[in-house]
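All values reported here derive from a predicted model rather than from experimental measurement. Residue numbers begin at 1 in each chain, while the letters A, B, ... track the order of the sequences.
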2 protein chains.
Amino acid sequence: MTARRSDATRAAILAAARERFATDGFERATIRAIAADARIDPSMVMRYYGNKEALFAAAADFDLRLPDLGDTPRDEVGAALVRHFLERWEDDETLMALLRTAVTKEAAAERMRSIFAGQIGPIAARLSPDPAQAATRAGLVATQMLGFALCRFVLRLPPVVAMPAEEAVAWFSPTVQRYLTGEVDLYFSHDR
Amino acid sequence: MTARRSDATRAAILAAARERFATDGFERATIRAIAADARIDPSMVMRYYGNKEALFAAAADFDLRLPDLGDTPRDEVGAALVRHFLERWEDDETLMALLRTAVTKEAAAERMRSIFAGQIGPIAARLSPDPAQAATRAGLVATQMLGFALCRFVLRLPPVVAMPAEEAVAWFSPTVQRYLTGEVDLYFSHDR
DNA sequence: CTCGTTTGCCAACACTTGTTGGCAAACCAT
DNA sequence: ATGGTTTGCCAACAAGTGTTGGCAAACGAG
């Protein structure tokens, strides 16, 4: 009963939309192109998803799917996070669609904010020496992870693209670890 | 002789273009809107800049203007870089225009690449323990600096927006410093 | 089979986009 | 003043956009 004959079409549209949004961003990804990829008429997209914004909302539904790090040793959480993030990015183009769009569409930016606050926030809350710093620490982690993804997958800076995954893990893990559990070095916070 | 009467108009168009590209990105910034901001007819934009791409190229002309860090102590270069980058970003919207556009336009991405390779590369080349790692280290610095800018100015993650400039410097300086002069910790590069 | 429902396509809409050509006013050297 | 050049605006174009309504074929319960 719940299985309609059009479910395959719906899924094809969604898959094509994710791909187009990921490679072209929201504006350049046209309904017509998405429909063509899904081998369907553009009007079907509207019938099944209402409008372009709603289609994007459906296509950009994303979960970091962070594993439970409860039993990971405190000083290894950074590495685990970096590794998971890198894998997640590589096998799901949704994050790419989200980032490419979040830069110019407020709704997508808001989703990005809620993903990072909602999923990295709790981890930071558990690890931060001072609970009041949890949000700040989650933000710091986001800057490094998103910066890496931006440079590697979107801007494609050659040295960042060429870097083997494990070397990236080696470089970024200590950074993320420090953002989560380290202390602020006040030495740097005063002009000299 | 070289000072034409239309130079003021040209400048007004360029200023309006920079602003629109910075806040809206390339696609959403329309020639008509830019012309309206400059209180000029859209056709003038075309006459003076040829087409939209060329206008963007002119508006997105950017230089990091890194100071000569030759006499900065080796272990303070990270802090100096972070501070300079933050200031540069705050008082020149060109970088914002560039980033918002580089995410979907290859030409802008290429310009971003050349800016970071050409301006951070030499610094990394001078500081890197191993000259062969210079490009990689410059790329690492780019991930953290661009990631910070992305989260603070574009995505506007609340904790990153709220962070005082000097606290940001305190957090990011050690990271950048390590990317420039630190050693890779192989401990993190093996699964356990 | 029969008839209402679902699925799909076609054609068109209203609108916005970058871009162009022509025309009038302002300018400026002679 | 005169003639050519510069500056600006208007109106329009061609192309592409999201979106809509209607119509035909396929489907599926009775």
Side-chain angles (χ1 to χ4, degrees), chain A residues 1-60 97 100-108, chain B residues 1-60 97 100-108:
Chain A
M1 182 195 290
T2 60
R4 302 162 170 273
R5 187 162 41 102
S6 62
D7 284 354
T9 305
R10 280 190 153 83
I13 293 173
L14 208 59
R18 243 189 288 267
E19 205 170 320
R20 284 283 176 177
F21 284 137
T23 63
D24 297 343
F26 185 81
E27 337 276 344
R28 304 170 77 96
T30 70
I31 298 276
R32 282 173 167 83
I34 292 169
D37 288 356
R39 271 180 258 280
I40 220 68
D41 189 87
S43 62
M44 303 300 295
V45 178
M46 310 305 296
R47 181 178 297 172
Y48 290 139
Y49 290 94
N51 59 34
K52 194 181 179 184
E53 302 239 0
L55 172 63
F56 177 81
R100 277 227 162 87
T101 301
V103 156
T104 42
K105 293 271 292 182
E106 177 55 23
Chain B
M1 181 196 290
T2 58
R4 303 160 171 276
R5 189 160 41 99
S6 60
D7 284 354
T9 305
R10 281 190 153 83
I13 293 173
L14 208 60
R18 244 190 286 268
E19 203 171 320
R20 283 284 176 177
F21 284 138
T23 62
D24 297 343
F26 185 81
E27 337 277 344
R28 304 169 77 93
T30 71
I31 298 275
R32 281 172 167 84
I34 292 169
D37 288 357
R39 270 179 260 277
I40 219 67
D41 189 87
S43 62
M44 304 300 294
V45 179
M46 311 305 295
R47 182 178 298 173
Y48 290 139
Y49 291 94
N51 59 35
K52 194 182 178 182
E53 302 239 358
L55 173 64
F56 177 80
R100 278 227 161 86
T101 302
V103 154
T104 41
K105 292 273 292 182
E106 177 55 24

Listed in order of residue number, which residues of residues 10-23 of chain B have a non-hydrogen atom at under 4.0 Å from DNA chain C?
none

Determine which pairs satisfy side chain to side chain donor-acceptor pair (under 3.5 Å) with at least one residue from residues 43-57 of chain A, sequence neighbours left out, and list them in order.
A:Asp41-A:Ser43, A:Glu53-A:Lys105

Show me the pairs that pass ring pair (Phe, Tyr, Trp, His ring centres under 6.0 Å) and involve residues 9-31 of chain A, at least two apart or across chains.
A:Phe21-A:Phe26, A:Phe21-A:Phe56, A:Phe26-A:Phe56

Would you call B:Thr104 and A:Glu27 a side-chain contact if the rule is heavy atoms closer than 4.5 Å?
no

Hey, what do you get for CE (B:Met44) to CZ (B:Arg39), rounding to the nearest 0.5 Å?
16.0 Å

Just to be sure I understand the rule, does A:Tyr48 reach a base, reach only the sugar-phosphate, or reach nothing, if contact means heavy atoms closer than 4.0 Å?
sugar-phosphate

Contacts of type side-chain contact (heavy atoms from CB on, under 4.5 Å), residue B:Ala33, not counting sequence neighbours:
B:Arg20, B:Thr30

For a quick test of your reading: what N or O donor-acceptor pairs under 3.5 Å do the side chains of residues 10-19 of chain A make, sequence neighbours left out?
residue	atom	partner	partner atom	Å
A:Arg10	NH1	A:Ser6	OG	3.1
A:Arg18	NH1	A:Ala59	O	3.0

B:Thr101 to B:Ala108 - nearest heavy-atom pair and separation:
CG2-CB, 3.8 Å

Detail all sub-3.5 Å separations between protein N/O atoms and N/O atoms belonging to nucleotides 16-20 of chain D.
residue	atom	partner	partner atom	Å
D:dG18	OP1	A:Ile31	N	3.3
D:dG18	OP1	A:Lys52	NZ	3.0
D:dG18	OP2	A:Ile31	N	3.2
D:dG18	N7	A:Arg32	NH1	2.8
D:dG18	O6	A:Arg32	NH2	3.2
D:dT19	OP2	A:Lys52	N	2.8

Heavy-atom check, side chain of A:Val45 versus side chain of A:Leu55, under 4.5 Å
yes

